[in-house]
Amino acid sequence: MSKIVTRFAPSPTGFLHIGNLRTALFNYLIARKAGGEFVLRLDDTDAERSKQEYIDVIQRDLEWLGLRWDRIEQQSKRLERYAEAADKLRADGRFYECFETPTELDLKRKKQLNMGRPPVYDRSALALEDAEKVRLRAEREGYWRFLLEQTRIDWNDGILGPLSIDAASVSDPVLIRADGQVLYTLASVVDDIDMGITHVVRGSDHVTNTATQIQIIEALGGTPPSFAHHSLLTGAQGEALSKRLGVLSLRDLREQGVTPAALLSLMARLGSSAPVELHLTLDEIAEGFDLAQFGAAPTKFDAEDLWPLTRADLQSRPYEAVADEIAALGVPADIAPQFWEVARENITRMADLGQWWALCRDGAEPVIDPEDADFVAEALRLLPPPPYGPTAWKDWTDAVKSATGRKGKGLFMPLRKALTGQSHGPDMSALMPLLRKVPARE
Ligand code: GLU
């Protein structure tokens with residue numbers, strides 16, 4: 001079999017979001033599993049909306065996730081190829097010039113709908129006489145549609161199974177706009193052929209595109225790749241996610257402290273029959289990845305699900321992996337490994353480490369329930385000043401126990417709250433040796 005080549009083709013008109021990641025990851029994993037090639041293709045033919053800033057962030061996001069591309073391509077550098085393809089289609093009679101304005105098209109659509117007919121473009125431009133075209137061209141620029149063959153278009157979708165779309169139910173797609181801009185539908189096909197793309201996975205919003213693109217590929221003498229369309233993501237309640245995708249950008253998730261392994265582990269399995277588990281490497285993720293396990297139903301995405309995975313990822317890290325970040329907090333090197341051991345069980349994101357270090361360094365605002373006030377005051381009188389050794393917690397609580405007769409939770413919890421200001425947290429025996437300040441005695 002020939003080499004498998006996939007591509008991720010974002011339009012650099014915004015930041016990548018969680019939905020884009022799904023597409024990128026699936027294509028990446030297919031190539032990786034097969035030892036093939038993964039192409040990053042920037043669909044930037046829309047000169048007005050495409051921005052270098054987005055190109056930079058897209059690359060940064062993918063690098064952060066470890067989704068390395070073997071090749072990068074940019075559509076704005078390939079305009080000549082699209083013009084050649086357009087010439088071929090024109091020469092073969094598969095391209096025709098149209099002049100209807102958006103308002104005219106809208107009116108046609110409304111009429112069709114009123115008559116209970118599907119709003120498919122009626123091809124009136126095909127019947128224009130040459131003289132008429134000359135007259136229209138003097139008024140406005142024409143744009144170009146691809147003439148679909150009105151047959152059924154069939155393919156075996158890698159996720160949706162056998163699909164069959166009647167080309168007569170689809171409007172001839174516009175491939176070149178009146179201002180000369182080549183549209184995605186054509187550019188993408190030319191690229192897929194030229195770049196030897198063998199597999200395309202994209203969102204199910206592209207199913208109709210795929211039908212028309214199969215005909216365009218064939219008209220250009222290419223062989224259609226294998227197509228698979230993944231379901232679209234919805235919010236946790238099944239609501240459309242499109243409006244919220246802005247806040248679910250990869251950039252924001254990174255800033256919030258989600259880890260790459262958490263994100264990749266969730267997105268490579270969500271919507272499939274395989275369980276979601278933390279995988280620390282892309283190899284592991286690729287191993288259990290199988291497109292056939294994904295279903296057509298919309299996939300619910302809840303950003304909250306990223307936190308348990310992030311937590312597990314952080315907890316799995318040995319000290320060496322986080323030493324720099326801990327040093328950056330100002331934790332002295334001699335206690336840094338111990339600090340990590342104690343703190344890592346109690347963080348959800350790396351940024352939470354800061355509050356544990358602040359507690360060790362500065363002490364906490366004690367939390368003392370009124371009914372425990374006398375008890376805590378007495379206990380604090382029994383607490384020697386820091387630094388503490390490994391048995392400090394036991395020694396202290398033993399002393400408090402004998403002095404007050406309290407035991408169990410009634411003994412430990414008020415002391416934990418007095419020292420840390422919280423009712424949950426690290427093992428106190430391990431924490432005590434890191435504490436540099438404790439509440440003052442009365
Ligand atoms: N630039 C297109 C998009 O972001 C690519 C679609 C495709 O994969 O062909 O929707």
Side-chain angles (χ1 to χ4, degrees), residues 4-31 36-51 54-55 57-59 61-62 67 69 71-79 81-82 85 146 153 155 157-160 163 165 170 173-175 177 181-217 220 222-233 240-242 245-246 248-250 267 291 294:
I4 290 200
V5 186
T6 64
R7 50 39 168 213
F8 172 50
S11 306
T13 54
F15 298 118
L16 294 185
H17 52 66
I18 196 84
N20 300 128
L21 169 60
R22 207 156 182 242
T23 311
L25 185 57
F26 286 13
N27 285 291
Y28 173 88
L29 292 173
I30 289 171
E37 205 172 294
F38 175 63
V39 179
L40 170 59
R41 190 184 84 202
L42 299 159
D43 285 3
D44 60 346
T45 51
D46 183 342
E48 224 162 274
R49 291 176 57 229
S50 301
K51 301 252 159 19
Y54 295 129
I55 295 183
V57 179
I58 287 170
Q59 296 190 49
D61 287 342
L62 295 177
L67 302 182
W69 52 93
R71 231 164 71 209
I72 185 163
E73 299 279 358
Q74 203 164 345
Q75 291 195 325
S76 57
K77 297 189 175 140
R78 296 176 39 80
L79 301 179
R81 279 294 297 130
Y82 310 141
F146 176 76
I153 305 165
W155 75 94
D157 195 276
I159 292 174
L160 303 174
L163 287 186
I165 290 186
V170 181
V174 175
L175 299 189
R177 290 204 325 196
Q181 188 188 316
V182 175
L183 290 178
Y184 149 79
T185 315
L186 174 62
S188 180
V189 153
V190 174
D191 289 348
D192 287 343
I193 297 173
D194 285 1
M195 295 168 195
I197 303 300
T198 60
H199 291 70
V200 172
V201 185
R202 54 191 179 191
S204 50
D205 50 337
H206 281 289
V207 165
T208 309
N209 270 339
T210 296
T212 61
Q213 286 183 332
I214 287 176
Q215 281 207 6
I216 304 171
I217 294 171
L220 289 171
T223 311
S226 299
F227 285 101
H229 295 84
H230 59 69
S231 63
L232 299 183
L233 296 178
L241 208 54
S242 46
L245 283 175
L248 292 172
S249 73
L250 300 187
M267 297 318 289
L291 215 48
F294 287 82

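Below, all heavy atoms of this structure are taken into account, side chains as well, without hydrogens, waters or symmetry copies. We count ligands from 1, going down the list as the structure has it; atoms in each ligand are counted the same way.
- Protein heavy atom nearest atom 6 (C) of ligand 1, with residue, atom name and distance: Y184 OH, 3.3 Å.
- Residues D192 and R41 are paired through a salt bridge, judged by an N-O separation under 4.0 Å between the basic side chain and the carboxylate.
- Protein heavy atom nearest atom 3 (C) of ligand 1, with residue, atom name and distance: A9 O, 3.9 Å.
- Polar contact check, R202 against ligand 1: a nitrogen or oxygen pair lies under 3.5 Å apart.
- Ranking protein heavy atoms by distance to atom 10 (O) of ligand 1, first place goes to H206 NE2, 3.1 Å.
- More than 12 heavy atoms of other residues, nucleotides or ligands sit less than 6.0 Å from atom CZ of R71.
- Residues M195 and R78 meet the side-chain proximity criterion, which asks for heavy atoms closer than 4.5 Å.
- Ring pair F26/H230: centre-to-centre distance below 6.0 Å.
- Atom numbering of ligand 1 starts at 1 in the shown order; those under 4.0 Å from a heavy atom of D43 are 1 (N), 2 (C), 5 (C).
- With respect to atom 8 (O) of ligand 1, the closest heavy atom belonging to the protein is R7 NH1, 2.5 Å.
- Ion pair D191/R7 not flagged as a salt bridge, since none of the NZ, NE, NH1 or NH2 atoms sits closer than 4.0 Å to an Asp/Glu carboxylate oxygen.
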